[in-house]
Number of protein chains: 2
Amino acid sequence: MTTDDGMSPASQTPASRAGRGRGGGRGAAGRQRASHSLEAVVAEAVALLDESGEPGLTFRALAARLGGGVGSIYWYVSSKDELLERAADSVLADVLAKTDHLGAGDDPIAEIREMAIAFYEATVGRPWLGAYFLQDTGTQTNGLMLYDRMGREVMRLDLTRRQQFDAVSAVMAYVVGVAADRGQDPPQEVRDGIVDRGAFVASFRDELRALDVDDFPFLHHIVDEFAAHDDAEQFRAGLDLMLAGLRLQAGSSSADTRAASD
Amino acid sequence: MTTDDGMSPASQTPASRAGRGRGGGRGAAGRQRASHSLEAVVAEAVALLDESGEPGLTFRALAARLGGGVGSIYWYVSSKDELLERAADSVLADVLAKTDHLGAGDDPIAEIREMAIAFYEATVGRPWLGAYFLQDTGTQTNGLMLYDRMGREVMRLDLTRRQQFDAVSAVMAYVVGVAADRGQDPPQEVRDGIVDRGAFVASFRDELRALDVDDFPFLHHIVDEFAAHDDAEQFRAGLDLMLAGLRLQAGSSSADTRAASD
DNA sequence: ACCTGAACACCGTTCAAGT
DNA sequence: ACCTGAACACCGTTCAAGT
């Protein structure tokens, strides 16, 4: 209900300050007063998110972990939304680091494949970030960098600009979609380790088997595949479908089509 | 913190009761006491979600719209999470209705394309549901039905069960991913109609242009495409890449490949 | 069987006050 | 320039009480 006039203290915090870093404040003077940094705040937020999901990220819990008061977080971040954006973006920083070596190979599509897989791997076990990629350009430069890095590969293909733009968007969307889908796979007990993954898959398998065969012929048809499947493999299978289509569109004659194998 | 023992009153509500429907309670007797139904609760929740997004869905706001007390919602639904699951599933009911006529055509992949587009169209303007599809099998039968319907088309292709399973999962994930991506496109002002879509796109275009060309060569390369692109078209372009790959995998010789057109 | 509304625990955000 | 913590408004959920 209150209109945001952009005058909160955090809006005075220059984003360029993001590269400072001060450490834990275990120095000589401070014992009572805590001292943070943007990176420390975001890093601790990611840790909290990974441990207990989105509902686990609380300003109070975060402040406790940082050893300070609730209010001080607002010096670095103007809202919980911005905190989540920065957390998601910091995950993409890892992806960028792991795909830094790419771009030299002679097959652009193979490079895109590697980037997408690295992106996927960063989302495994992080159901919370599905919805926060590319939220705001201002705070999320890493998302744009990954987008651009993938785009540079696509530029090497014989495609129109529109086709290049669409291709990168499609691959990114697919990765996000798989991440979002997998996010809700294990409902809670699995995350906490109360029920192991195998038991969860088995009980879902039984649920599928209990459905009427006439109403759900396909689910019955693939129920064993479901029980035996590996998420990462399935991700790659779908990615390869998309990349095979891209290769076709680019009129590839150099490399053989890569999908349709496993 | 409290462990859910599954003993809440809502767990006694049989899901089979979902097909009752009682109306608004504008009858002869009731003037003080409100009377609801599962469908009314979910329908009003969807309306609230569409109007003001996920933060707009509040038990108090929902109760006010239904003309009753907060507590009564818990008779139909055991938590906000379940309410969101049912809301997402009710959107899928529309998709099912709109794809009911499909399945008779001679090109299975074209049918899949229609289903995916119908699914996509249902997500337009609903950034809230990206994360709630296929959450829980028990409450979300429509998701499984759509999955199965698409699967029945894939069964007609010459593929292994694993390939069929992977293909349906890939298409579904892609749709969800596009929905999630588009979810955060307009940051707030656009939703509220304060700033129109065109102005938002233009300002983002300018933001891209302001980036260093050496750091973001691809973004500069496609900046005009971005300003001119249509979301639905871009969705179809990516879908067609994936389906072209699928057609290739199925060893299609009957129909010509459909991607690589616009 | 279903609805009510006060009460509880908790959360994001603000702000006057400190250093 | 940055940290503190009480205070505020609001939210999901519970529950004894009603019909």
Side-chain angles (χ1 to χ4, degrees), chain A residues 1-14 17 20-25 27 29-38 40-41 45 48 52-85, chain B residues 1-14 17 20-25 27 29-38 40-41 45 48 52-85:
Chain A
M1 287 299 162
T2 46
T3 42
D4 183 5
D5 55 8
M7 284 303 196
S8 64
S11 66
Q12 299 161 18
T13 310
R17 191 157 49 71
R20 252 178 63 249
R22 181 103 73 81
R31 181 175 277 170
Q32 327 261 37
R33 243 182 104 158
S35 172
H36 315 309
S37 70
L38 220 208
V41 169
L48 216 38
S52 35
E54 193 163 337
L57 179 60
T58 284
F59 275 78
R60 277 161 244 259
L62 184 54
R65 278 175 82 121
L66 289 164
V70 240
S72 56
I73 299 169
Y74 281 90
W75 179 258
Y76 298 97
V77 126
S78 72
S79 70
K80 188 173 183 179
D81 249 35
E82 191 193 319
L83 182 58
L84 280 160
E85 280 176 41
Chain B
M1 288 296 164
T2 46
T3 42
D4 183 4
D5 56 7
M7 284 302 195
S8 65
S11 66
Q12 298 160 19
T13 310
R17 190 155 50 70
R20 250 177 64 249
R22 181 103 73 80
R31 182 175 276 170
Q32 328 260 33
R33 243 182 107 161
S35 173
H36 315 308
S37 71
L38 218 205
V41 169
L48 216 38
S52 35
E54 194 165 335
L57 179 61
T58 284
F59 274 77
R60 277 162 245 258
L62 184 55
R65 277 175 84 118
L66 289 164
V70 240
S72 55
I73 299 169
Y74 281 89
W75 178 258
Y76 299 96
V77 127
S78 71
S79 69
K80 187 172 183 179
D81 248 36
E82 191 194 319
L83 182 59
L84 281 160
E85 281 176 40

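Letters A, B, ... mirror the listed sequences (proteins, then strands); counts begin at 1. Quantities reported herein were computed from a predicted structural model and do not represent experimental measurements.
- Positionally, the nearest nucleotide of DNA chain C for Arg60(B) lies more toward the 5' end than for the other of Arg60(B) and Thr58(A).
- You'll find that the side chain of Val70(A) is closest to dT13(C), out of dT4(D), dT13(D), dT13(C).
- In the set dG12(D), dC3(D), dG5(C), dC3(D) carries the atom at the smallest distance from any side-chain atom of Ala34(A).
- Remark: side-chain polar atoms of Tyr76(B) are not paired, donor with acceptor, to backbone N or O of Leu83(B) under 3.5 angstrom.
- At the heavy-atom level, Gly71(B) lies under 4.0 Å from base atoms of the strands shown.
- Note: CD1 (Ile73(B)) to P (dG5(C)) measures 13 Å, nearest angstrom.
- Taking 3.5 Å as the limit, the base of dC2(C) and the side chain of Arg33(B) contain a donor-acceptor pair of atoms between them.
- Looking at which nucleotide of DNA chain C each of Ser72(A) and Pro55(A) is closest to, the 5′-most match is held by Pro55(A).
- Atom pair Lys80(A):NZ and dC10(C):P shows a separation of 15 Å (rounding to whole Å applied).
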Practice item. Let me have DNA chain D in dot-bracket notation, would you? Count Watson-Crick plus G-U wobble pairs, both distances under 3.5 Å, and use [ ] for pairs crossing earlier ones and | for inter-strand partners. Key: ||.|||||...|||||.||
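- If you measure from atom OH of Tyr74(A) to atom C1' of dT4(D), you get 14 Å, rounded to the nearest angstrom.
- Across all strands, Leu57(A) comes closer than 4.0 Å only to sugar-phosphate atoms, never to a base (heavy-atom distances).
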